[in-house]
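Side chains included, hydrogens not; waters and symmetry mates left out as well; all remaining heavy atoms used.
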Amino acid sequence: MFEPKAKKKPQIPAPTPITELMDQLPVVQGRSRPIRVLNRLTLVMSDSFHFRSTAPEYRCFDLLAVQPTTEKLFHAACMVYDIDIICVSVTERLPFFFKRAPVNGAIDRGVVFEVSYSAAIRDSTMRRYTIANAISLIECCKGKSVMVSSAAEKALELRGPYDVTNLSLLFGLSDKDCKEAVSSTCRSVLLHGETRKTASGIIYTVKSCSEASDQQEAPPQSETCEAPPSKKQKSSVTE
């Protein structure tokens with residue numbers, strides 16, 4: 001999470017390479033391949049110039065998220081900004097109310113709202129803010145496009161997926177929406193982050209190294225390939 005200063009141009013920090021954080025990635029159970037680690041940038045916005053859609057620094061991050069602090073910035077994040085996630089503050093009372101028009105606009109654009117639960121574990125006051133802000137959001141969006149994450153600062157604040165779904169019931173989510181908040185909605189965020197880098201998913205081409213090497217090493221067709229069966233049959237008839 002990055003909170004720029006109000007009177008200065010924000011200097012976006014570069015993401016830390018995963019090789020500096022850990023030497024070897026753990027292997028996914030049942031797939032025999034290492035897990036995939038993504039970079040994410042979360043901007044706490046208190047002014048409109050804190051987010052620049054054309055900034056080249058954003059290309060280094062796989063996911064872009066903003067946490068607006070005013071109603072005007074929340075409306076811009078829902079309708080204008082090219083982002084993946086809108087974070088809902090859970091440490092204080094929101095200074096504005098959620099309105100259905102911008103929330104539905106964000107849902108139509110594929111933007112997901114994020115509610116974190118770790119603040120509710122740390123302090124009883126933050127727990128009230130977390131539940132109140134989450135209920136206000138879910139009543140407006142009717143449980144659609146909501147993702148529940150940890151935002152944990154310590155390992156003890158992490159909870160399993162079944163505990164998170166049970167905790168999400170306090171936010172006003174239904175049983176179906178609770179499961180989607182920790183599964184399919186999270187996957188849609190990853191897909192939205194990929195399409196954001198590929199012209200809205202219209203064009204996306206990848207040329208593998210093995211395919212390129214096969215094309216270089218393959219000899220001409222006239223030297224190795226035999227004639228098709230139809231040509232063989234014609235030649236035998238003419239003879």
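In terms of modelled atom types and a separation under 3.5 Å, the side chain of S188 and the main chain of T185 share a donor-acceptor contact. The closest donor-acceptor contact from the side chain of D84 to the backbone of L191 lies at 3.5 Å or more, if one exists at all. With hydrogens and angles disregarded, no donor-acceptor distance shorter than 3.5 Å links the side chain of Y117 to the backbone of S168. For R159 (side chain) and L156 (main-chain N/O), a donor-acceptor pair under 3.5 Å exists by modelled atom type. Panel note: side chain S150, backbone L158; no donor-acceptor pair is recorded below 3.5 Å. Distance alone, capped at 3.5 Å, is enough to place a donor-acceptor pair between the N166 side chain and the Y162 backbone. For the pair H192 (side chain) and R109 (backbone), a donor-acceptor distance under 3.5 Å is present.
M45 and T69 make their closest contact through O-OG1, 2.7 Å (heavy atoms, listed as atom of the first residue, atom of the second, distance). Contact record, V88 with L137: CG2-CD2, 3.6 Å, taken as the closest heavy-atom pair. Heavy atoms only, all atoms of each residue included: L173 and A181 are closest at CD1-CB, 4.3 Å. Between S149 and E114, the shortest heavy-atom distance links the atoms OG-OE2, 2.6 Å. Across V66 and I83, no two heavy atoms sit closer than the pair CG2-CD1, 3.3 Å. Listed here is the closest heavy atom pair of S89 and Q67: CB-NE2, 3.6 Å.
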Evaluation steps, side-chain hydrogen bond (donor to acceptor under 3.5 Å, both in side chains), between R122 and S118: CA-CA 7 Å; R122 301 190 199 110; S118 60; 3.2 Å; yes

L63 and N39: CA distance, side-chain angles, deciding distance, side chain to side chain contact (heavy atoms under 4.5 Å, CB included) verdict: CA-CA 6 Å; L63 297 175; N39 295 318; over 6 Å; no

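Using a 4.0 Å cut-off between charged nitrogen and carboxylate oxygen, E180 and K144 do not count as a salt-bridge pair. Between E194 and R36 there is a salt bridge, with a side-chain nitrogen of the basic residue lying less than 4.0 Å from a carboxylate oxygen of the acidic one.
Grouping the Ile, Leu, Val, Met, Phe, Trp and Tyr side chains by contacts below 4.5 angstrom, directly or via other members, places V164 apart from L169. Follow the hydrophobic side-chain contacts under 4.5 Å out from Y129 and you never reach L94; the two are in separate clusters. Cluster annotation: F61 is connected to I86 through the hydrophobic network of ILVMFWY side chains, with a link wherever side-chain heavy atoms come within less than 4.5 Å. Residues L64 and F113 fall within the same hydrophobic cluster, defined by Ile, Leu, Val, Met, Phe, Trp and Tyr side chains chained together at heavy-atom separations under 4.5 Å. Side-chain heavy atoms closer than 4.5 Å link hydrophobic residues (I, L, V, M, F, W, Y) into clusters, and following such links, possibly through other members, connects V182 to F171.
Between F98 and F74, the distance from one ring center to the other falls under 6.0 angstrom.
Of the N and O atoms on the side chains of T42 and R40, at least one donor lies less than 3.5 Å from an acceptor on the other residue. N133 and S136 form no side-chain donor-acceptor contact under 3.5 Å, judged by distance and modelled atom types alone.
Atom-to-atom distance recorded for K99:NZ and C78:SG is 12.0 Å, nearest 0.5 angstrom. Taken from CZ in F96 to NZ in K72, the straight-line distance is 14.0 Å, to the nearest 0.5 Å.
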